Amino acid sequence: MTTRAPKGTIDVLPPESAAWRRLLRAFDSLAERYGYGLALTPLFEATELFARGVGEETEIVSKQMYSFTDKAGRALTLRPEATASVVRAYLQEGRTGVLKCAYSGPMFRYEQPQAGRRRQFYQVGVEYLGEPSPDADVEVVEVGYRLLEELGIRGVMVLLNSLGDPEDRVEYRQLLRAYLAERADLLSEDSRRRLDTNPLRVLDSKADVAVVAEAPATLDHLGPEAAAHFAAVRLGLERRGIPYEIAPRLVRGLDYYNRTVFEYQARSYTAAQDALGGGGRYDPLAELLGGPPIPGVGLAMGVDRIVAAMPEEGGEGSLGVFVVLADPGRRAEALDLVAMLRAAGVSADLDLGERSVKAQFKVAGRRGAAVAAVVGAEWAEGRVTVRAMADGEEETVPIAEVAAWAQAR
RNA sequence: GUGGCCGUAGCUCAGAUGGUUAGAGCGCCAGGUUGUGGCCCUGGAGGUCGGGGGUUCGAGUCCCCUCGGUCACCCCA
């Protein structure tokens, strides 16, 4: 083996990829049911988009970007997240009003890989643009929650906080900075540096939990509007039956958030990086990108982590019929039968190698086929032998009835 | 970027003090059952011992470097 997948990237192949497919399909149908259309945006963007949108002082922008210059000297970056792109597209297309859309795909961050963290990772997410109502926040939180629920993940908890509005934060920031400055000698080096640039980031620093435990909380310094918004979000979540916990130190690592921020955790997934997803409201973002004020709220779910948290799928593949060629002279007929089944909506396959009947049955079992259909001498009378792989029940039926026989299993 | 642990067949791993042709289980292929899987039996294929350099008569085994994996810090999905 000369070349391997780059550090921090993975290959996902069958049968493990079945869980990924299940997740992607569940998300796709969920997003559609909640009224989110599909958004496709580039995997790379102008570096400036993330610098301005995500924030110069964030970990992501200051040291985790996969940046490069193209042949014309443009400064580009592989997207570390998708929200900035979606908002950019909204602005670029001159959209107004509400836009609800969903996306899925790889994101890139140059980090040391560890459990739950890779350099290329996958996210599914939704963005609800142009809507300031707290009910939009509730809906977005619900989409992520239902996804985890539908995938059978147990013990999901939503962590919820409000950062308030930018104007609330001016005052709060001074309070926090004063509090932290008094204890600067106890802070980690990183946190001390952030004291001036972005004191909120200190709140979720693991190194400084002790110092930060008694720090003033954003929740105690919300303006009347932000406070009402937060109360409405809580009420909405309760009405939807979504369990949540108030998490006063949850600030999240992107600068564009205001008001609602949230994360999902699950009992079945414990690692240092344990957020299965997260998001929040980002009303300031559109203006940061040079556009008019456009409210928005969104979420991103970490596909890699969710797959790791999903219960093991008992059943194997979803193959309906595996066609066994018992008479090599009838290869063309076997191919016809497979085509016929596929056209009838039954998943069907066969082994194209010249292998023994026994070997073909083995493959049928391994592929998780519900039924094996033998193409042999009985084809001359227009019949094939079908066998239910689970219990060995066997019967010889007319060719035209194979699909129905299989569907009944 | 920093640190701990690890790197022998496709997978999971054995290979005390360096010593002849590197092993097992599982998986894979074939046969036993001339048209039938999951059990059993037999046989077979498959290994630059991560890579490079060094010590030595001799290195999977010792030393150095390097690459990779994994977990953690930082931070996040």
Side-chain angles (χ1 to χ4, degrees), chain A residues 1-10 13 54 57-64 79-83 104-125 144 188-191 193-194 201-208 250-254 261-265 269 271-279 298-309 316 322 324-328 330 351 353 355-369 371-379 384-394 396:
Chain A
M1 187 53 138
T2 51
T3 307
R4 318 173 33 96
K7 186 182 180 80
T9 68
I10 53 159
L13 301 172
V54 175
E57 260 307 307
T58 61
E59 292 292 314
I60 294 174
V61 170
S62 62
K63 49 190 195 195
Q64 301 174 354
R79 63 179 188 189
E81 58 109 40
T83 302
S104 63
M107 307 294 161
F108 307 86
R109 297 199 325 209
Y110 192 91
E111 303 185 88
Q112 275 318 311
Q114 70 181 81
R117 191 167 74 187
R118 294 196 247 270
R119 290 183 173 179
Q120 174 170 335
F121 58 102
Y122 295 79
Q123 289 187 336
V124 297
S188 62
E189 194 181 324
D190 278 341
S191 291
R193 186 173 52 77
R194 278 193 285 253
R201 303 286 321 125
V202 179
L203 284 181
D204 70 355
S205 162
K206 280 184 192 169
D208 302 307
L250 180 66
V251 296
R252 305 192 48 75
L254 290 69
V261 293
F262 57 90
E263 269 183 22
Y264 305 86
Q265 290 181 2
Y269 185 71
Q273 317 304 322
D274 60 356
L276 295 181
L299 91 106
M301 305 296 289
V303 175
D304 311 57
R305 293 180 188 176
I306 295 173
V307 167
E316 300 160 30
F322 192 88
V324 171
L325 180 59
D327 173 2
R330 300 189 196 274
D351 190 307
R355 314 173 72 193
S356 68
V357 170
K358 176 180 180 165
Q360 292 180 68
F361 265 90
K362 236 178 149 170
V363 173
R366 199 165 49 228
R367 293 280 298 274
V371 170
V374 181
V375 172
E378 59 274 52
W379 187 273
V384 309
T385 301
V386 285
R387 176 186 175 88
M389 296 298 284
D391 56 13
E393 182 195 355
E394 207 164 286
T396 299

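Letters go in sequence order (proteins before strands), and every chain restarts at 1. Please read these numbers as outputs of a predicted model, since none were measured by experiment.
- A distance-only check finds no donor-acceptor pair linking the side chain of A/Arg305 to the backbone of A/Leu276 [under 3.5 Å].
- Counting only heavy atoms from C-beta on, A/Glu378 has its side chain closest to B/G35 among B/G35, B/C75, B/A72.
- Taking 4.0 angstrom as the limit, A/Gln123 places none of its side-chain polar atoms (N or O) nearer than this to OP1 or OP2 of B/A77.
- Across the protein-nucleic acid pair, A/Gln114 atom CD and B/G1 atom C1' stand 13 Å apart, rounded to whole Å.
- The side chain of A/Arg355 sits closest to B/C29 out of B/U36, B/C74, B/C29.
- Base pairing of B/G58 is not made with any nucleotide, judged by Watson-Crick or G-U wobble geometry with both donor-acceptor distances under 3.5 Å.
- Listed candidates were B/G35, B/G32, B/A30. Nearest to the side chain of A/Ala359 is B/A30.
- The interatomic distance linking A/Leu203 (CG) with B/C74 (P) rounds to 15 Å, in whole Å.
- Relative to the side chain of A/Ala300, the nucleotides B/C73, B/A77, B/G1 differ in distance, and B/A77 lies closest.
- Of the candidates B/U36, B/C74, B/G1, the closest approach to any side-chain atom of A/Gln112 belongs to B/G1.
- Mapping A/Gly302 and A/Arg117 onto RNA chain B by nearest heavy atom places A/Arg117 closer to the 5' end of the strand.
- Distances shown here put every side-chain N or O of A/Arg252 at or beyond 4.0 Å from the OP1 or OP2 atom of B/C75.
- For B/C29 and B/G10, the P atoms lie 15 Å apart once the distance is rounded to whole Å.
- Comparing B/U17 with B/A77, their P atoms are spaced 48 Å from each other, to the whole Å.
- What separates CG of A/Asp351 from P of B/C28 is a distance of 13 Å, to the nearest Å.
- B/C26: Watson-Crick or G-U partner is B/G10, with both key distances under 3.5 Å.
- Between B/U56 and B/C63, the two P atoms lie 16 Å apart (nearest whole Å).
- The CZ-P distance, from A/Arg366 to B/C26, rounds to 16 Å in whole Å.
- Between the side chain of A/Arg118 and the base of B/A77 there is no donor-acceptor pair of N/O atoms closer than 3.5 Å.
- Closest-nucleotide positions on RNA chain B for A/Arg387 and A/Pro113 were compared, and the one nearer the 5' end corresponds to A/Arg387.
- For the OP1/OP2 pair of B/G31 and a distance below 4.0 Å, the side-chain nitrogens and oxygens of A/Lys358 include no atom meeting the criterion.
- Nearest to the side-chain atoms of A/Ala326 among the listed nucleotides B/G35, B/G37, B/C73 stands B/G35.
- The P atoms of B/U36 and B/U48 are separated by 38 Å, rounded to the nearest whole Å.
- In this structure, A/Tyr122 does not count as stacked on the base of B/A77 under the 5.5 Å centre distance and 30° plane angle limits.
- Listed nucleotides: B/G1, B/C74, B/U36. Nearest to the side chain of A/Tyr110: B/G1.
- The gap from the C1' atom of B/U8 to that of B/U12 amounts to 12 Å, rounded to the nearest Å.
- A gap of 35 Å separates the C1' atoms of B/C39 and B/U21, to the nearest Å.
- Put simply, the side chain of A/Gln265 never gets that close to the backbone of A/Asp274: no donor and acceptor are under 3.5 Å apart.
- With a cut-off of 3.5 Å on both pairing distances, B/U21 has no Watson-Crick or G-U wobble partner at all.
- For the P atoms, the distance linking B/A22 with B/C6 amounts to 26 Å, nearest Å.
- Partner assigned to B/C73 is B/G1, using Watson-Crick or G-U wobble distances below 3.5 angstrom.
- Panel note: side chain A/Arg119, backbone A/Pro113; no donor-acceptor pair is recorded below 3.5 Å.
- Under the Watson-Crick or G-U wobble criterion, with both distances below 3.5 Å, B/A16 is left unpaired in every strand shown.
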